[in-house]
Amino acid sequence: MKVSFKVNGQAHEIDVPPNTLLVEVLRETLELTGTHVGCDTSQCGACTVHLDGRAVKSCTVLAPQLDGVEVTTIEGIGDSENLHPMQAAFRECHALQCGFCTPGMIMQAIDLVEKNPGLDSQAIREGLEGNICRCTGYHNIVRAIASVADAKPASVK
Amino acid sequence: MSEVVSQAESENQGIGAPVRRREDLRFITGDGRYTDDINQPGQLYAAFCRSPYPRVRIDNIDASEALALPGVVAVYTGQQLVDDGLGDLPCGWMVKSKDGTEMISAPHPPMAATVANYVGEPYALVLAETLQIAKQAAELVDTDFTELNAVVDLAHASGSENIYEGIENNLAYEWALGDEDATKMAFARAAHVTTLDLTNNRLIPNALEPRACLGMYERGTGDYTLYTTSQNPHLERLVLSAFVQIAPEHKLRIIAPDVGGGFGSKIFIYSEETSVIWAAGKIKRPIKWVADRSESFLADAHGRDHITRAELAMDEMGRFTGLRVKTTANLGAYLSTFGSSVPTYLYGTLLAGQYKTPNIYVEVQGTYTNTAPVDAYRGAGRPEATYVVERIVDQAARELGKDPADLRRMNMIQPEDFPYETPVALTYDTGNYEASLDKALEMIDYAGFEARQAEAAERGKRRGIGLACYIEACGLAPSKLAIQLGAGVGLYESGEIRMNPTGSVSVFTGSHSHGQGHETTFAQVVSDKLGVSYDDVEVIHGDTGRMEFGLGTYGSRSLAVGGSALMVAAEKVIEKGRKIAAHMMQAQVDQVDFENGQFTLQDSNQSVSIQEVAFAAYVPADYPEDLEPGLTEKAFYDPNNFTYPAGTHVAEVEVDLETGVVQLVDFVAVDDFGHIINPLIVDGQVHGGVAQGAGQALMEHGIYDEYGQLQTGSFMDYTMPRADDLPDFRVDTTVTPCTHNPLGVKGCGEAGAIGSPAAIMNAVTHALGNKDISMPATPEKVWRAIRGE
Ligand code: FES
Ligand code: FES
C-alpha cells in the first residue's frame with residue numbers, strides 16, 4: 001500500500017505491505033538506522049521516535065497509520081555540529097555507554113521534558129519506565145535529563 | 001566522585017581527566033554503525049529452525065514445502081555442516097577433575113545435527129530474499145523429532161539419566177582446589193561453624209543490541225568477511241579457522257563494528273554466526289542474520305546458576321580458620337567457549353575474598369543439563385565467589401552477635417601483608433581493604449542507620465543494611481600460567497602505535513570496545529605518554545583486517561592489559577624517536593631526554609618535537625644510517641599476574657510489609673581500581689555493574705520449567721531493571737596502584753556486578769530479621785518470608 005508522510009521534515013511516499021512496521025520503514029526503506037530494535041515485545045524503547053510530536057515506540061506503529069503524519073527520528077533533532085540540548089546533555093553527563101539505547105532514550109527524554117515542566121528525578125525515572133538501558137544503570141541518564149529540565153523555564157510548552 | 005566539569009573547563013585531556021567521550025558524537029546523533037546497520041547489495045536473510053524441545057533426536061527434516069515458497073533460496077541442516085567437514089564448536093579451557101582426568105566435552109556441532117539438547121538450539125538455516133520470507137519458510141520446515149528424557153533440574157541432574165553416552169552422571173568434571181585435609185582439620189578444631197546454602201540464580205545477559213552478523217564471500221579471491229557483534233574478533237577468527245575450519249585465518253576477516261553491549265555474551269563462538277559465514281561461502285551471496293530478542297533469550301549463553309553449600313570455621317575470637325565450599329554449577333547442554341573455566345578458575349580462586357582464612361577447600365561439579373549453555377556474564381565466577389564469601393561472613397556475624405563490619409575488619413588482609421598468597425592459588429599484589437571499608441561506612445553513615453531504620457518503621461517499611469567487601473582477579477593474565485591451567489589461548493594483548501608522517505597518531509588495539517569507551521581512554525593514555533594532542537590520536541579496534549592480533553575485551557582486561565601494551569609500544573616509539581632526534585641535533589642518544597612530546601638535548605636549549613621526528617622518519621633525508629625509516633611500533637604485553645580490584649559496597653533497602661516489594665533506597669560503592677584514567681567512565685562502569693547486580697538480587701531470573709521450556713523468554717517475563725527500580729548510586733574510590741603494569745591500573749568493568757548482589761541480599765536478610773531467602777528477592781518470596789512461610 002502507498003502512504004505519504006514526512007520524516008524529519010522531508011516528504012516521502014512509499015509503497016510497502018500494510019503489515020510493515022514504522023521502524024522497518026525507517027531502517028530499511030529510508031535507511032535511517034539511528035532508530036534501533038532491541039526487542040520483539042514493545043518493551044525496550046530503543047525504537048522510540050516522535051510521531052506528530054509524541055514519543056512512540058516505532059515497533060508498534062504500522063504503515064497504514066503513517067498516512068499524513070510527521071515523524072521525527074534521532075537524525076532529525078540535531079547533528080554533531082549542532083546538537084540538540086538533550087544530545088549535548090547525554091554526552092556531557094556520560095549518559096551512554098554502548099549507545100544502543102541512546103537514540104530511543106533521547107527521543108523519550110525530549111518528550112518527557114517538553115510535556116512535564118519542573119520534572120524532578122523521581123518523575124524522570126518514572127518517565128523512562130518504557131526504555132531499557134543495560135549499560136548505564138540509568139544514573140547518568142537521569143542526571144542528563146535533569147540538567148536539561150532544570151535549564152528549561154517551566155513555561156515552555 | 002566526578003562532578004560534572006564541562007569539557008572547556010577541564011583543559012587537561014591526559015591521564016586522570018574526565019574527558020567527554022569522543023565516540024558519543026556518533027551515538028547521540030544516530031550515526032553509530034552497528035552490525036544491523038550494515039547491508040550489502042544482493043544480501044540474503046537468514047532464519048533458523050530451533051528445537052522446540054529440550055532433548056530430541058532429529059529423525060527427518062523435510063524442507064520441500066519451505067523450498068517451494070517463492071523467494072526461498074536454500075535450507076541447510078546441521079547435518080550438512082557436519083558432512084561438509086566442519087568441526088565442533090570447542091571449549092577453550094581444559095579443566096581437570098580432582099582425580100586428574102580431563103573434563104569431558106559433550107559433542108557440540110556448529111548446528112544440531114542428529115540430536116538437539118536445549119530448547120532453541122538451531123538445527124537448520126533458511127535463506128531467502130527477504131527476512132519475512134525466511135521466517136515464514138522456517139515455519140514450513142517439517143521436522144520429525146523423537147523426544148528424549150530431558151534433564152532440567154540442576155539439583156538432581158547428576159542422578160538423572162545420562163544426556164550423553166559416556167558422560168556419567170552428567171558431569172563434565174569434578175574439580176577441586178585447596179587443601180582438603182587441612183581444611184577438615186580446621187573444622188574439627190573450630191569454636192564455631194556457620195553453614196549456609198545458597199543459590200546463585202541463572203541470569204540472561206540481554207545486551208540491548210541482539211547478536212547479529214553479515215557474512216560475505218568474495219568469489220574472486222576466496223576471502224570471507226564476517227561483520228558480527230563480537231567482543232573479541234581475533235579469537236572468533238582463530239576458532240572459526242583452526243577448529244571449525246571455515247577458512248584459513250588469512251582468508252577470514254572478522255569485523256566487530258559498533259557493538260551494543262556484551263557483558264560476556266558476545267565473547268563466545270555461536271552456531272548462528274558460524275552457520276551464516278559457512279553458508280555465505282556455499283551460496284556465494286552475502287547473508288544477514290539479526291537475532292530477535294526471543295532468540296537472544298533462548299540461545300545467548302546464560303550466566304551464573306550455582307547451587308552451593310558453604311561452611312565457615314572460626315575460632316573463639318571469630319577469626320576465620322577454614323572455608324569449605326561445595327558447588328554444583330550448571331554448564332547447560334554444552335561447554336560454551338569459556339564455560340568450563342568460569343565456575344572453576346574464575347570462582348574457586350577467589351574464595352579467600354579479602355580475608356586471611358588460612359584453609360580453604362572447594363569442590364565444583366560441572367554439570368550438564370538440557371538448558372542453554374552457561375558461560376561468562378559480567379563478573380564471571382567472581383560474583384558467585386563474592387556471594388558465597390560475603391553472605392556467609394554476614395551470617396557468621398549474626399550468629400556470633402558481632403557487627404558485620406567488625407567481623408570483616410578483624411579478618412582482613414592488612415596492607416603490610418602484601419604480596420599475599422592465598423590458599424587458593426592467587427597472589428594478591430597490593431590493596432588496602434580497610435580504607436575502602438572505612439570510606440564506604442562513612443559515606444553511608446553506618447552509625448546513623450538505626451535512626452533511618454526507625455524512621456522507615458514509622459512509614460511501615462522495614463529497612464535493612466548490608467555490606468559486601470569483594471575482591472576480583474582481573475586483567476586476565478600470565479599466559480604461561482593460564483595455559484598450564486588449561487587455557488587454550490594466551491592472555492596477552494597487542495597494541496600498535498603508528499606515528500603518521502604529519503605527526504598524528506593511529507593507535508591499533510586488540511581490545512574491543514562495546515560501550516567501555518576505549519576510543520577515548522586509550523587516546524588519553526597515548527597522548528599523555530607521547531606528549532601529543534589528544535585530538536591527534538585516533539584509536540582503531542575491532543577488525544582483524546586492520547590489527548594483527550588481539551584477545552579482546554572481557555574480564556575487565558582492556559586497560560590493564562591492552563592499555564599496557566600501548567604503553568610498551570609508545571615506549572618503543574620514544575626509543576626510536578630518541579635515536580632520530582639525537583641525529584637531528586647531532587648528539588649522542590643518551591644525551592637526549594624525552595618529555596611532553598619534546599626530545600631535548602641535555603644542558604642545552606635545543607629540542608625537536610615528536611612530530612618533527614616523525615616527519616624525519618618518513619622523509620629520511622638526513623637520517624641515522626643504521627636505522628630503518630618509519631615510526632611505527634608494536635607490542636604484545638603479557639602481564640606477570642592478575643590485577644586485584646577490591647572494595648566495599650553497602651546497600652540499604654526498604655521492605656514493604658504489605659506487598660513484599662523491596663526498594664533499593666541507597667547504594668554506596670567504594671572501589672580500588674588502582675590509578676584511574678578517566679573518572680567519568682569509571683563511575684559509569686560502576687553504575688552499570690551495580691544495576692546489573694541489583695537486577696540479579698531483586699528481579700532477574702532465568703527460569704526453565706520442569707519440561708525444559710524457558711519460562712522467562714521475553715522482556716515481559718524476565719524482569720530487567722528499569723530506571724524507577726533503582727536509586728542514584730554514590731560511588732567513590734581509594735587507590736593502591738597495581739604493582740606490575742605500567743599504568744598501575746586494575747580494571748573497573750565488573751566490580752559493580754560483583755559486590756552488589758551480596759550487599760543487597762545481606763540488606764534484605766537484615767531487613768527480614770535474618771530470614772534467608774534466595775535471589776532474586778521478588779515481592780512474592782519476600783511476602784511469604786514476612787508471613788513465615
Ligand atoms: S524495539 Fe520497540 S520497544 Fe523494543
Ligand atoms: S548505553 Fe548500552 S543499552 Fe544504554
Side-chain angles (χ1 to χ4, degrees), chain A residues 17 19 27-28 31-44 46 73-80 83-84 86-88 90-103 106 121-122 124-143 147, chain B residues 2 4 6-7 18 20-21 23-34 36-37 39 132 205-210 258-263 290 292-294 514-517 680-681 683-692 694 714-716 720-729 752:
Chain A
N19 62 352
R27 290 185 54 84
E28 311 296 332
E31 295 182 12
L32 292 169
T33 55
T35 302
H36 297 152
V37 177
C39 74
D40 44 14
T41 51
S42 298
Q43 288 283 312
C44 77
T73 69
I74 188 75
E75 290 92 345
I77 59 164
D79 57 35
S80 53
L83 294 176
H84 185 283
M86 192 62 78
Q87 290 172 311
F90 266 60
R91 177 162 194 249
E92 182 61 26
C93 296
H94 185 35
L96 59 148
Q97 291 179 24
C98 79
F100 199 77
C101 72
T102 310
I106 289 177
S121 79
Q122 190 50 37
I124 293 171
R125 286 184 180 275
E126 281 160 20
L128 294 179
E129 207 262 343
N131 292 66
I132 294 174
C133 174
R134 192 53 151 170
C135 298
T136 64
Y138 306 98
H139 179 107
N140 285 340
I141 294 178
V142 174
R143 236 162 36 105
S147 75
Chain B
S2 48
V4 184
S6 84
Q7 192 71 74
R20 302 308 185 264
R21 299 195 325 169
E23 42 272 83
D24 288 358
L25 275 182
R26 65 179 189 271
F27 296 139
I28 56 182
T29 50
D31 290 332
R33 220 164 114 85
Y34 301 88
D36 188 23
D37 301 338
N39 293 295
Q132 235 170 0
N206 278 315
L208 201 60
E209 178 203 27
D258 287 331
V259 173
F263 315 112
V290 182
D292 290 340
R293 179 59 52 185
S294 315
H514 31 282
Q516 295 88 344
L680 200 64
I681 288 179
D683 287 1
Q685 287 291 313
V686 176
H687 297 156
V690 171
Q692 289 180 355
S714 81
F715 286 147
M716 322 258 280
M720 293 282 280
R722 291 175 188 261
D724 57 350
D725 296 316
L726 299 169
D728 283 347
F729 304 122

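Protein chains get the first letters and strands the later ones, always in sequence-line order, with residue 1 at the start of each.
The main-chain N or O of B:Tyr34 is never found under 3.5 Å from a side-chain atom of B:Asp258 such that the two would form a donor-acceptor pair. Without hydrogens or angle criteria, A:Glu75 side chain to A:Gly34 main chain gives a donor-acceptor distance under 3.5 Å. Between the side chain of B:Arg20 and the backbone N or O of B:Pro18 there is at least one donor-acceptor pair closer than 3.5 Å.
Using cut-offs of 30° and 60° on the angle between ring planes, the pair B:Phe729 and A:His139 is parallel.
Legend: residues meeting side-chain hydrogen bond (donor to acceptor under 3.5 Å, both in side chains) with B:Asp728, ordered by chain and number and at least two apart, are A:Arg125. A:Ser121 is linked by a side chain to side chain contact (heavy atoms under 4.5 Å, CB included) to A:Val142, counting only residues two or more places apart in sequence or in another chain.
In this structure, the portions of B:Asp36 lying under 4.5 Å from any heavy atom of chain A include both its backbone and its side chain. In this structure, chain A has a heavy atom under 4.5 Å from the side chain of B:Gln132, while its backbone stays farther away. In this structure, the portion of B:Val259 lying under 4.5 Å from any heavy atom of chain A is its backbone and not its side chain. Only the side chain of A:Thr102 comes within contact range of chain B, with at least one heavy atom under 4.5 Å from a heavy atom of that chain. Residue A:Ile132 touches chain B through both its backbone and its side chain, counting heavy-atom pairs closer than 4.5 Å. Residue A:Phe100 touches chain B through both its backbone and its side chain, counting heavy-atom pairs closer than 4.5 Å. Neither the backbone nor the side chain of A:Leu32 comes within contact range of chain B; no heavy atoms are under 4.5 Å apart.
Top candidate by heavy-atom pairs under 4.5 Å with chain A, chosen from B:Val690, B:Ile681, B:Asp725, is B:Ile681. When each of A:His94, A:Gln97, A:Arg134 is checked for heavy-atom pairs under 4.5 Å with chain B, A:Arg134 comes out on top. When each of B:Pro727, B:Ala207, B:Gly752 is checked for heavy-atom pairs under 4.5 Å with chain A, B:Pro727 comes out on top. Interface remark: of the candidates A:Leu128, A:Ile106, A:Ile74, A:Leu96, A:Leu96 forms the most heavy-atom pairs closer than 4.5 Å to chain B. Of the residues considered (B:Gly32, B:Gly517, B:Ser294), B:Ser294 shows the highest number of contacts with chain A, using heavy-atom pairs under 4.5 Å. In terms of heavy-atom pairs under 4.5 angstrom with chain B, the leader among A:Ile141, A:Asn140, A:Thr35, A:Ile124 is A:Asn140. In terms of heavy-atom pairs under 4.5 angstrom with chain B, the leader among A:Glu129, A:Gln122, A:Glu31 is A:Glu129. Contact tally against chain B (heavy-atom pairs below 4.5 Å) for A:Pro103, A:Gly137, A:Cys101: the top residue is A:Gly137.
A heavy-atom distance below 4.5 Å is not found between the side chains of B:His514 and A:Cys98. Between A:Asp40 and B:Phe715 there is no side-chain heavy-atom pair separated by less than 4.5 Å. Side-chain contact between B:Phe27 and B:Arg21 is present, with heavy atoms from C-beta onward closer than 4.5 Å. With a 4.5 Å cut-off on side-chain heavy atoms, B:Arg293 and A:Thr41 do not count as touching.
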